[in-house]
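To start, the structure under review is shown below, and the notes come after it.
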Amino acid sequence: MNASGNRAADVVVFLEPAVAGARKKQRSGLDFASAVVALARAQFLAGDRAQAVRLLDEVETFTTIRDSWLGVRVSELRSDLARQNNDSAAELIARQRAWQLLHDRLGDARPQTARYALRYAKALRTSGEMDRAVALERQSRPIFDQTFPADSAFRR
């Protein structure tokens, strides 16, 4: 941990040279994209939202995101950025994209799909789309509750 106690800043210091080196070699591939998304998350947590957005834009410009989990990570970070900017419309779009990626790949019965469905439902509620939110919650809540105990980190 650095002198200020900011672990995210430590991660940034660690990841920046790795991403810079990979950027010189190639700007495609899952390894590069994953490293850039990890750096974007660290930048966000360290308080540099503008750099996080630039990094996500870079990944989406130079990489075709074919990996569902990478797409989910990008969408989740975009939703966190939108929430911090009080942009509920952008947050809703990003939450929907994260859920849709898992829904299409894994189906509705999987716990991770249910987890992201509940996040999307919360965004739907915020946007006033109560009927859609209730339907999604009704479908996903039992799967989520059965899988993740009350003290699970996945409930945060």
Side-chain angles (χ1 to χ4, degrees), residues 1-16 18-19 30-60 63 65-127 129-130 132-156:
M1 199 170 348
N2 68 18
S4 69
N6 187 339
R7 290 181 185 189
D10 289 341
V11 173
V12 168
V13 168
F14 175 75
L15 283 175
E16 278 182 333
V19 168
L30 184 57
D31 291 341
F32 173 73
S34 295
V36 173
V37 172
L39 179 57
R41 171 60 72 183
Q43 292 283 14
F44 169 75
L45 293 173
D48 192 346
R49 293 190 309 234
Q51 181 62 10
V53 169
R54 282 191 291 277
L55 289 165
L56 290 177
D57 290 345
E58 178 182 359
V59 165
E60 291 178 327
T63 306
I65 298 178
R66 292 189 180 110
D67 181 79
S68 298
W69 289 107
L70 181 63
V72 167
R73 289 176 48 217
V74 168
S75 294
E76 278 296 294
L77 184 48
R78 290 242 187 239
S79 70
D80 291 344
L81 287 158
R83 187 175 56 253
Q84 276 201 353
N85 290 329
N86 296 315
D87 187 345
S88 58
E91 181 182 3
L92 179 64
I93 290 167
R95 294 273 184 216
Q96 190 273 336
R97 181 173 180 251
W99 169 75
Q100 192 70 53
L101 284 166
L102 292 179
H103 173 268
D104 292 350
R105 179 166 182 196
L106 304 175
D108 289 326
R110 298 293 296 267
Q112 287 296 346
T113 305
R115 178 178 178 224
Y116 284 93
L118 293 173
R119 289 178 176 183
Y120 176 39
K122 183 177 179 181
L124 286 167
R125 280 186 181 280
T126 301
S127 71
E129 297 185 49
M130 297 304 188
R132 288 179 64 197
V134 168
L136 202 52
E137 289 166 346
R138 192 173 292 134
Q139 174 184 344
S140 303
R141 177 61 65 190
I143 297 164
F144 182 83
D145 287 345
Q146 181 180 2
T147 305
F148 301 110
D151 62 346
S152 172
F154 287 112
R155 290 189 172 261
R156 295 182 201 115

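All values derive from a computational prediction rather than experimental measurement.
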Begin with the C-alpha distance, continue with both residues' side-chain angles, and end with the deciding distance and a verdict on salt bridge (charged side-chain N to carboxylate O under 4.0 Å, His left out) for D57 and R78.
-> CA-CA 10 Å; D57 290 345; R78 290 242 187 239; 2.8 Å; yes

Determine whether T147 and R115 make a side-chain contact, defined as any pair of heavy atoms from C-beta on separated by less than 4.5 Å.
-> no

Measure across A109 and I143 and return the closest heavy-atom pair with its distance rounded to 0.1 Å.
-> O-CG2, 3.6 Å

Spacing of E91 atom CD and S127 atom OG [to the nearest 0.5 Å] = 9.5 Å

Are V37 and V59 side-chain neighbours, meaning at least one heavy-atom pair lies under 4.5 Å?
-> yes

Sub-3.5 Å donor-acceptor pair from the side chain of T113 to the main-chain atoms of L106, do we have one?
-> no

Inspect the contact between E137 and K122 and indicate whether a charged nitrogen and a carboxylate oxygen are less than 4.0 angstrom apart.
-> no

Rounded to the nearest 0.5 Å, how far does CG of L102 lie from OG of S68?
-> 7.0 Å

Within-4.5 Å side-chain heavy-atom neighbours: L81 and D87 = no

Distance-only polar pair, side chains of Y120 and R132, donor-acceptor under 3.5 Å = yes

Do R119 and W99 come close enough that some side-chain heavy atom pair is under 4.5 Å?
-> no

Any pair with a residue in residues 100-114 that passes salt bridge (Lys or Arg N to Asp or Glu O under 4.0 Å), sequence neighbours left out, goes on the list, sorted by first then second residue, please.
-> none

Do the side-chain N and O atoms of R54 and Q51 include a donor-acceptor pair separated by under 3.5 angstrom?
-> yes

With side chains defined as the heavy atoms from C-beta onward, is the minimum distance between F148 and P111 less than 4.5 Å?
-> yes

Nearest-0.5 Å distance that lies between atom CG in L118 and atom CD in Q139 = 10.0 Å

Has the side chain of S75 got a donor or acceptor atom that lies under 3.5 Å from a matching backbone atom of V72?
-> no

CZ (R41) and CG (L39) are apart, to the nearest 0.5 Å, by 12.5 Å

How about V134 and R125: do any of their side-chain heavy atoms sit closer than 4.5 Å?
-> yes

Do R95 and L92 come within less than 4.5 Å of each other through their side chains, counting heavy atoms only?
-> no

Is it true that D80 and R49 have a side-chain N and a carboxylate O under 4.0 angstrom from each other?
-> no

Here the gap from I93 atom CD1 to S88 atom OG, rounded to the nearest 0.5 Å, amounts to 10.0 Å

Considering residues at least two apart in sequence or located in another chain, which fulfil the side chain to side chain donor-acceptor pair (under 3.5 Å) criterion with Y116?
-> none

Value for CD (Q96) from CG (L101), rounded to nearest 0.5 Å, stands at 9.0 Å

Could you walk me through whether R97 and S79 pass the side-chain contact (heavy atoms from CB on, under 4.5 Å) check?
-> CA-CA 10 Å; R97 181 173 180 251; S79 70; over 6 Å; no

Determine the minimum heavy-atom distance between A121 and L136, stating which atoms define it.
-> N-CD2, 4.0 Å

